[in-house]
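Single-structure report; data block below.
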Amino acid sequence: MELILFLVFAGIAVVAAINVVVQRHPISSAVSLIAVMGSLAVLYLLLGAEFIAAAQVIVYAGAIMVLFVFVIMLLNAGGETKAGRSFVASLLGVPVLVALLALLAFFTARIYPRDTEVHFGGFRGGTAQSVGRALFTTYLLPFEITSILILIAIVGAIVLARKELE
Amino acid sequence: MMGHVPLSWFLMLSAVLFSLGVAGFIFRRNIITMFMSIELILNAVNLTFITFAYQRQQVAGHLLAFFVMVVAAAEAAVGLAIILTVFKNRETLNIDDLDSMKN
Amino acid sequence: MDSFIVISLIKIFVVFGALMTILAYLQWVERKVIAHIQVRPGPYRVGPHGLLQPLADVIKLITKEDLVPPYVNKVLYLAAPFLAITMALLSISVIPFGPKIQVAGYQTWMQLTDLNFGVLFILGISSMGVYGIALAGWSSNNKYALLGGLRSSAQMISYELPLSLAIAAPLLISNTLSLRKLVETQDGWLWNWNLFHGFQYVSFVIFIIAAFAETNRVPFDLPEAENELVAGFHTEYSSMKFASFFMAEYANMITVSCMAVLLFLGGWVAPWPAAYGSGYVPVVIFAVAGVITIWRGLNPRRKRDRYTFPPFGVVFLIVAAVFLVPLLQSALLPLFWFCAKTGAILFLFIWIRGTLPRFRYDQLMGFAWKVLFPVAMLNLLATGLAIAVFS
């Protein structure tokens, strides 16, 4: 059951991620990215992170990506025109990507042999209760600092996006 | 055990998503798409945090992922405001056309 | 394991079938109620009192030509209504309609599934619902549709904040995210309901206002303001695709009504314990309704009432008798209270549609950010403080 769920949603995530990169129009990329985030939320559930899965859908897919779609719609900019880039670069790009991936996969496989197996319910510490408890005790300072960061971001966004007052 | 997923597969998936995000950031010329590639990278990192939280049976990884999300939200707000301003002034989203700081 | 799957499948079919029927008839109810508010008869040609009108509408919508305009973005244009209806129907799966019941030896909850983060699940799903509308507006390649889509996405983002803050207050009181446990904490008397805890009626009012905006209902139906934007985001949609947007709107209405009932009005719990006779309320209501209808049928004001009213009266009396059967009471009574409360909220939706004019767009956004959001924030702070002090 876990294997099927993982394969299905990991497959969706990878295909959608490829789609993010290759689509010409930003809105198609945005929709694909929403699919990636949705399938990652399911994988989080598989790993017992129910609060983070919900936050992923609410914050990432539901708020941040709405902002992206909103801006794309607002600018109504057309698709990307093909830039005249060098033949060597496009020839080198894919092998470099594969090499990077192979390197990462190699180290992952070396450090984490296939002994730890994920099964549903293997970790029950991801409830809203335990996350909240840790957030407001051990991690209180970072939490407060992020709230200041958010405030700065709000002010910054308004200053940047408002109409110039003459 | 049949039907169970090795933990390393989650890390592999994360690596794949991360590489795709990097590729998108390098290959694409549209600012918004590049920005979305960064979000993809952050999502890949979050998956790693959650996987390690499972492996170590600790909730700390979840909190790191949570903080990444919060910072990503702040980043998206400011970043998209910058993109709006750039588009208002230059009427282009192509990163190659935004080179007036050069020479 | 096998019986679990079979029971779940049966429950899915029952809930889905009931939901689809209710969606179709909610539209009939809305037209009838609005008609009576505006002193006109409403649909009454198809079947007695227009009761077959939803069926006729469905046939009409299915047989209409399904037009895909040129210049649209095909993939997103086709995906948008599908997305809207899926997201609207998905959240029903975690809503509990009643307590644990016994059917043919099997114990089961009157709920498809209980998540211990059910409230977060519904919030997440409803925040995904905005894509159906935004993408429909964008992919139609039509200025009116685009503006409708833009307006709706801005509106839904803005009103989601006060909605979430208003939901947080009763969650603090009940101290759970599971919808099932939420109801269990409100058991007993009327004053155990979250609505009557101190000043929680403030959260309730904020929730209802934000819910109206989230479902794009009057007075917040800016995305489809027909005098400015033709039909808003669904200008270019026809036939069943148009119908799915319509159904999504009504399904969202049902979901937020269920949420309001679960969070504030005690879910399936009766206003007072069964020991004091709350179990006889539905019997009395249906019996009185049956007697009135039969009496009106025997002394008709209009000619056709003589033939249409008595059958309804008999049906009402049978329903009243069914509520007296002890075996069915354990399942039917909670369901009755749940449906009665949800129905009351749905009636409020329709009533307001018949009463209030539409907001202007800047008023709408100003109201969300300058009034509703600060009030919701203060309300949450005060609730937290009150809980910290008094418990």
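Quick caveat, the model's predicted, so the values are computed rather than measured. Lettering follows sequence order; numbering is per chain, from 1.
Most heavy-atom pairs under 4.5 Å with chain C: of the set Thr127(A), Val59(A), Val57(A), this distinction falls to Val57(A).
No hydrogens or angles considered: nothing links the side chains of Ser29(A) and Ser32(A) as a donor-acceptor pair under 3.5 Å. For the residue pair Ser203(C) and Asn379(C), a side-chain donor N or O sits within less than 3.5 Å of a side-chain acceptor on the partner.
Residue contact with chain A, scored on non-hydrogen atoms closer than 4.5 Å, involves the backbone and the side chain of Leu120(C) alike. Interface remark: Val31(A) contributes side-chain atoms only to the contact with chain C (heavy atom separation under 4.5 Å). Contact annotation for Ala79(C): neither backbone nor side-chain heavy atoms come within less than 4.5 Å of a heavy atom of chain A. With a 4.5 Å cut-off on non-hydrogen atoms, Leu123(C) touches chain A through its backbone and its side chain both. Contacts between Ala61(A) and chain C at a heavy-atom distance below 4.5 Å involve backbone atoms as well as side-chain atoms. Contact of Ile157(C) with chain A is made through the side chain alone, with heavy-atom distances under 4.5 Å.
In this structure, the side chain of Tyr131(C) engages the main chain of Val66(A) through a donor-acceptor pair within 3.5 Å. Gln186(C) contributes a side-chain N or O that, together with a main-chain N or O of Leu262(C), makes up a donor-acceptor pair within less than 3.5 Å. Using a distance-only test at 3.5 Å, with no hydrogens or angles considered, no donor-acceptor pair links the side chain of Gln56(A) to the main chain of Gly38(A).
Two residues are said to be in side-chain contact when any heavy atoms from C-beta on lie closer than 4.5 Å; Ile95(C) and Ile122(C) meet this criterion. Counting only heavy atoms from C-beta outward, the side chains of Gln200(C) and Pro170(C) approach each other to under 4.5 Å.
Of all non-hydrogen atoms in Phe207(C) and Val256(C), the two that sit nearest each other are CE2-O, 3.8 Å.
For residues 44-76 of chain A, the ring-ring contact (aromatic ring centres under 6.0 Å, His included) pairs, not counting sequence neighbours, are Phe68(A)-Phe35(B).
Residues of residues 133-157 of chain A never come within less than 4.5 angstrom of chain C, heavy atom to heavy atom.
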